[in-house]
There are 2 protein chains.
Amino acid sequence: MATATIKDVAREAQVSVASVSRALNGGRGVTAETSQRIREAATRLRYMPHAAARMLITRRTNTIGALLPDLYGEFFSELIRGIDLAARARGLHLLVSSSHDDAAAAAVALRAMQGRVDGLLLMSPHADAAFLRQNLPHDLPTVLMNTRLAGDDYCALSVDNDGGARMMVEHLLAIGHQRIVFIQGPPGNRDAGERELGYREALVSHAPDSPVIMLRGDFGEESGYRAGQEVLGMRPRPDAVFAANDMMAIGCMAALREAGICVPEEIAVSGFDDVPMARYVTPPLTTIQVHIAELGGQAMELLGEQIDHPDQVMTGIHRRVAAKLVVRGSTGAAPG
Amino acid sequence: MATATIKDVAREAQVSVASVSRALNGGRGVTAETSQRIREAATRLRYMPHAAARMLITRRTNTIGALLPDLYGEFFSELIRGIDLAARARGLHLLVSSSHDDAAAAAVALRAMQGRVDGLLLMSPHADAAFLRQNLPHDLPTVLMNTRLAGDDYCALSVDNDGGARMMVEHLLAIGHQRIVFIQGPPGNRDAGERELGYREALVSHAPDSPVIMLRGDFGEESGYRAGQEVLGMRPRPDAVFAANDMMAIGCMAALREAGICVPEEIAVSGFDDVPMARYVTPPLTTIQVHIAELGGQAMELLGEQIDHPDQVMTGIHRRVAAKLVVRGSTGAAPG
DNA sequence: CTGAAAGCGCTTACAG
DNA sequence: CTGAAAGCGCTTACAG
């Protein structure tokens, strides 16, 4: 027996398909008895409405799409959770798509969303104005997350990387550090760039005499380890390290530990993200906490607004998710 | 301008919609010139085929659904990644659905899949035989992951919890431990139950004189911490703790550390899962590694087979993903 | 309250 | 090679 359709239910209940549709969608315009009979028939046949048919006629998929660079790791795990919870609260399904190595793959993914989703949450290195204009289904509500902005044509949401980085540098300066090394993220990475900018701004504002010292990194723990080794060779030795993310900070601490350097007594180390692991390393890592789930949740809220009120102009809105300084042991002591 | 449909393209290219369809789907049965003209028209109008319409007529969604208990945390992050990679390799989209607190919610989620997906990956505490029969769209290829099995009616895949736990106990016995405490997972949790079973089996087989000692836990770090405190009060003191997962082992180590007990010199501690954090705690945690991404990937492969060969009987297949012992510092030393 | 009919945007035999 | 037509499973004005 194949899956029952609305026709089968209509036949079983001795009514028209129109009545079945009405009875099963709220029951307005059908007598209670008819409705009851239809429901029983539906249950008997194990009827499940065919989503695609409904999508086609109602122009509603009750699904939102999330195009992300990756699905793996703490960051995306939290992000997806935030999106999922907010979507669920609105009764929306979640279609995820990730790992579009190049613009062509991202374009295919974007185009495939047409007719599958009511709105799009987009985080992509390829998302510039021209790319979006070419590949985004027309009139599809979209919210950009942590993405290079395309003028004021879209609604966007991003983490306050700049503000967070400034907070961290101000903290390091406040406890007496002068020579603060910054370990960079991957070249071209927007978050990394904004964090670097915050570092520079804070030094300019509060410690114009402190040197700007950059080490290369790529957000991976290994690159932090290598940067830590470089720090060991620097003279005069820096008294603090600020890594553009936690994993590099953790790698850096490993390199310092191996060389017998005490953190935080000899060098303070700090990161950015507040990954769960940050509180478990020894010493626990001072970092900037960004409520990533909130980034996802707020993006979903903005998208929900757009979907519910298509006429309301929301392009050009750009919100920032606040960052928060979390001081732990790795910067716990003032320098000697 | 609204999004262009196939009709608009047909008009623009001066052909029938049938030809547009053919040209855009491989180009068989159309001359190169016609095809070219159609493609140009499509590009000019920024035509994107409407997925729902195509799904309805082709009976193919090119989407697979993943019903999971949660999306958050290392485990699901890895699982989703494994699924995503395997799905992408087959050109399939991924629809995720999670957090169905009760059976009713899970049923709604399951039924909503009808017409949205070509197959289902299912991990749910509610998935027993009757539940599935009632709510699973008929004929929908399905693979159960780590789920209580419903006879031989479905295709299933799960982690070798039992074997992994036995390996761990054998390791602890081999390095000389006698009194091994087991910290349980949430009551009713299948993985936790299988791990407990493995612990019991290994003791019966290899150390019938060693006591079976159980402490309650719920997979959360806090519960491990509390279990650690209980261990402190036990006389004679156990010489090893085997927690049903890593987070509890980490919580347990925290409690022991606070009490001044040295791990592994005074008590060995071990976990299960090999979360990324396991290697960063002090001392690094001995644990059982399960390649979770592989669980997702293999499940997707099985599902792909079912989708591609609907006539092939695959129910009753039950594969296990191997577990592996990873010895680190937390069990590094033999007891005094 | 109920039903017949149109139509959502596609694909695919079937003719020509 | 090309097009007219049927049909996928629904929903929703429009009549009655």
Side-chain angles (χ1 to χ4, degrees), chain A residues 2-39 41-42 45-62 111-118 137-140, chain B residues 2-39 41-42 45-62 111-118 137-140:
Chain A
T3 309
T5 72
I6 195 171
K7 273 189 181 170
D8 300 317
V9 179
R11 194 182 314 115
E12 177 85 2
Q14 318 249 44
V15 293
S16 69
V17 294
S19 291
V20 176
S21 178
R22 283 189 284 255
L24 264 27
N25 293 314
R28 293 164 53 85
V30 209
T31 56
E33 300 90 276
T34 312
S35 182
Q36 174 68 10
R37 188 154 39 97
I38 291 170
R39 284 169 191 290
L45 298 178
R46 287 196 194 119
Y47 170 66
M48 301 171 199
H50 196 277
R54 187 179 267 170
M55 287 177 197
L56 185 58
I57 190 78
T58 61
R59 323 261 61 188
R60 270 284 237 163
T61 64
N62 289 313
R111 295 170 145 261
M113 292 291 161
Q114 164 79 354
R116 281 178 194 279
V117 302
D118 296 333
H138 193 75
D139 281 344
L140 186 66
Chain B
T3 309
T5 72
I6 196 171
K7 273 188 182 171
D8 299 316
V9 179
R11 195 181 313 115
E12 176 85 3
Q14 318 249 45
V15 293
S16 69
V17 295
S19 291
V20 176
S21 179
R22 284 189 281 255
L24 264 29
N25 292 315
R28 293 165 53 86
V30 209
T31 56
E33 300 90 277
T34 312
S35 182
Q36 174 68 10
R37 188 155 39 96
I38 291 170
R39 283 169 193 288
L45 298 178
R46 286 194 195 122
Y47 171 66
M48 302 171 199
H50 197 278
R54 186 179 267 171
M55 289 177 196
L56 185 57
I57 190 79
T58 60
R59 322 261 62 188
R60 270 284 236 163
T61 64
N62 290 312
R111 296 171 145 262
M113 292 291 161
Q114 165 79 355
R116 281 178 194 280
V117 302
D118 296 333
H138 193 75
D139 280 343
L140 187 66

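Within every chain, numbering begins at 1; the chains are lettered A, B, ... in the order of the sequence lines, protein sequences first and strands thereafter.
The CD-C1' distance, from A/Glu33 to C/dT2, rounds to 14 Å in whole Å. Here the P atom of nucleotide C/dC1 and the CD1 atom of A/Ile38 are 12 Å apart, to the nearest Å. One interatomic measurement links the two molecules: CD of B/Gln14 to C1' of D/dG3, which rounds to 14 Å at whole-angstrom precision. Spacing between atom CZ of B/Arg37 and atom P of D/dC1 amounts to 14 Å, rounded to whole angstrom units. Whole-Å rounding puts the A/Lys7 NZ to C/dG3 C1' distance at 15 Å. When rounded to the nearest whole Å, the span between CD1 of B/Ile6 and P of C/dG7 equals 18 Å. Rounded to a whole Å, the CG atom of B/Asn25 is 7 Å from the P atom of C/dT12.
Side chains of A/Asn62 and B/Arg116: no donor on one and acceptor on the other come within 3.5 Å.
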Please tabulate, one pair per line, each protein N/O and nucleotide N/O from nucleotides 13-16 of chain C that are separated by under 3.5 Å, including the distance.
none

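Taking CD from B/Glu12 and CG from B/Leu45, the interatomic distance works out to 4.5 Å, rounded to the nearest 0.5 Å. Rounding to the nearest 0.5 Å gives a distance of 9.5 Å between CG of B/Leu140 and CE of B/Met113. Taking CZ of B/Arg46 as the reference point, atom CZ of A/Arg111 lies at 9.0 Å (rounded to 0.5 Å). The distance from atom CD1 of A/Ile38 to atom CZ of A/Arg22, rounded to the nearest 0.5 Å, is 9.0 Å.
Contact check of residues 47-62 of chain A against DNA chain C (heavy atom, cut-off under 4.0 Å) returns A/Leu56, A/Ile57, A/Arg59.
Among residues two or more places apart in sequence or in another chain, the side-chain contact (heavy atoms from CB on, under 4.5 Å) test is passed with B/Arg59 by A/His50, B/Leu56. Residues satisfying the side-chain contact (heavy atoms from CB on, under 4.5 Å) criterion with A/Ile6, sequence neighbours excluded, are A/Val17, A/Val20, A/Ser21, A/Tyr47. Judged as a side-chain contact (heavy atoms from CB on, under 4.5 Å), and not counting sequence neighbours, the contacts of A/Thr5 are A/Lys7, A/Asp8.
The main-chain N or O of B/Arg54 is found under 3.5 Å from a side-chain atom of B/Thr58 such that the two form a donor-acceptor pair. Side-chain atoms of A/Thr61 come within 3.5 Å of backbone N or O of A/Asp118 as a donor-acceptor pair.
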Original post:
DNA chain C in dot-bracket, Watson-Crick or G-U pairs under 3.5 Å, [ ] crossing, | other strand?
Top reply: |||.||||||||.|||
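Projected onto DNA chain D by closest heavy-atom contact, A/Ser19 and B/Val15 fall at different nucleotides, the more 5' of which corresponds to B/Val15.
OP1 and OP2 of C/dC1 both lie 4.0 Å or more from every side-chain N or O belonging to A/Thr34.
Taking the side chain as every heavy atom from C-beta outward, A/Gln14 and A/Arg37 approach each other to under 4.5 Å.
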